[in-house]
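Remarks on the structure that follows.
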Amino acid sequence: MKKVNFLTFKSENPNGIYLVTGEIGAGKSVFCGEMAASAIEAGMRCGGVLSPGVFEDGEKTQIMMHDVSSGDEKIFAEKMIFKGNVCADLRIGQWCMSTDVLRWGNTILQNLNEDLDVVFLDELGPLEFWREMGLMVGLDILKEKKFDLIFVVIRPSLVDEARERFDVDGIIEL
């Protein structure tokens, strides 16, 4: 993947909602993290949440939730095999997710300053689309198109559904 540059993207694309999609391991969260860093470096006001993975020996063992505005982050999910297959919270497949961190993420999104230049939603997936759980405030942000420029990480299997639900302006395939 080539180096991400926010100003180049901005000069070549109009404002709107952009779906960032690709298969597992394609670098969707990395792309958004680099886009956010580049936008901040360019003086843009950014907010939202990123979900970077934590890797040990090349295997993803945790997923963090990162507040783009403050830089704060918390452990959002841990792979079950590394937790002894015990999950006292929300289990989705091989992951144990923290409902407390989901609440924290929704609070971050709920409190986004309306004068932001760019918002990141990483990731909206089956939890939000089909179970009506997770980062539900993110769905509201997309419905209301509250911000000029929004990057949304989404699985390829949900792209068509996202396009039906929201006014999508572009798709970034990695």
Side-chain angles (χ1 to χ4, degrees), residues 1-13 15-79 82 92 95 97-98 101-113 115-128 134-135 137-139 141-142 146-159 162 166 168-174:
M1 182 169 53
K2 68 181 184 176
K3 184 73 175 147
V4 173
N5 183 295
F6 176 80
L7 292 178
T8 300
F9 178 88
K10 188 76 175 103
S11 71
E12 297 171 355
N13 298 280
N15 283 339
I17 295 173
Y18 288 86
L19 305 180
V20 179
T21 191
E23 298 301 328
I24 293 171
K28 300 175 294 291
S29 294
V30 171
F31 172 87
C32 284
E34 289 179 358
M35 187 64 78
S38 177
I40 291 167
E41 185 177 301
M44 300 291 111
R45 297 169 308 239
C46 300
V49 293
L50 300 174
S51 300
V54 176
F55 294 83
E56 292 179 25
D57 299 324
E59 184 171 0
K60 188 186 290 187
T61 59
Q62 294 179 326
I63 302 169
M64 305 301 290
M65 186 167 292
H66 176 89
D67 179 347
V68 174
S69 295
S70 72
D72 293 344
E73 66 180 15
K74 298 180 180 191
I75 297 171
F76 165 54
E78 294 183 272
K79 202 171 221 179
F82 295 99
I92 305 292
W95 294 96
M97 299 180 178
S98 168
V101 175
L102 277 173
R103 275 191 291 280
W104 179 68
N106 276 305
T107 299
I108 291 167
L109 297 176
Q110 186 82 43
N111 294 326
L112 288 176
N113 191 328
D115 70 349
L116 291 174
D117 299 307
V118 190
V119 170
F120 295 88
L121 301 171
D122 177 16
E123 146 181 18
L124 299 182
L127 199 58
E128 291 81 11
L135 295 173
V137 176
L139 294 180
I141 287 170
L142 294 175
K146 282 177 128 175
F147 300 95
D148 290 338
L149 184 55
I150 306 170
F151 291 97
V152 185
V153 172
I154 193 160
R155 297 172 186 202
S157 61
L158 293 173
V159 167
F166 312 112
V168 173
D169 296 281
I171 298 174
I172 301 167
E173 292 185 48
L174 302 178

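Both backbone and side-chain heavy atoms feed into the values below; hydrogens, waters and symmetry mates do not.
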- Task: Quick one: list whatever passes ring-ring contact (aromatic ring centres under 6.0 Å, His included) with F151, sequence neighbours left out.
- Result: F9, F120
- Message: Using only atom types and a distance under 3.5 Å, with no angle test, would you say the side chain of E73 pairs donor to acceptor with the backbone of M65?
- Response: no
- Closest non-hydrogen atoms of V20 and C32, given as atom of the first, atom of the second and distance, are CG2-SG, 4.1 Å
- V159 versus I154, closest heavy-atom pair with distance: CG2-CG2, 4.2 Å
- Please name the pair of heavy atoms, one in I40 and one in C46, separated by the smallest distance, quoted to 0.1 Å. CG1-SG, 3.8 Å
- For salt bridge (charged side-chain N to carboxylate O under 4.0 Å, His left out), just list the numbers for R155 and E23, CA-CA rounded to whole Å, side-chain angles, deciding distance to a tenth of an Å, and then say yes or no. CA-CA 7 Å; R155 297 172 186 202; E23 298 301 328; over 6 Å; no
- Query: Say you draw a straight line from CE of M44 to CZ of F6; how long is it, rounded to the nearest 0.5 Å?
  - Reply: 5.5 Å
- What residues, two or more places apart in sequence or in another chain, satisfy side chain to side chain contact (heavy atoms under 4.5 Å, CB included) together with T8? N5, E12
- What's the spacing between T61 OG1 and E56 CD if we round to 0.5 Å? 4.0 Å
- Interatomic distance, CD1@I171 vs OH@Y18, rounded to 0.5 Å, equals 11.0 Å
- Message: Distance check, rounded to the nearest 0.5 Å: H66 atom NE2 versus D122 atom CG?
- Response: 10.5 Å
- Taking all heavy atoms of I75 and all of Q62, pick out the closest pair and write down the distance. CD1-NE2, 3.4 Å
- Item | Heavy-atom pair of closest approach, residues W104 and D72 | CH2-O, 3.6 Å
- Message: Can a donor-acceptor pair be found, under 3.5 Å and without considering hydrogens, that links the side chain of S51 to the backbone of I63?
- Response: no
- Item | Heavy-atom pair of closest approach, residues N15 and D169 | O-CG, 4.1 Å
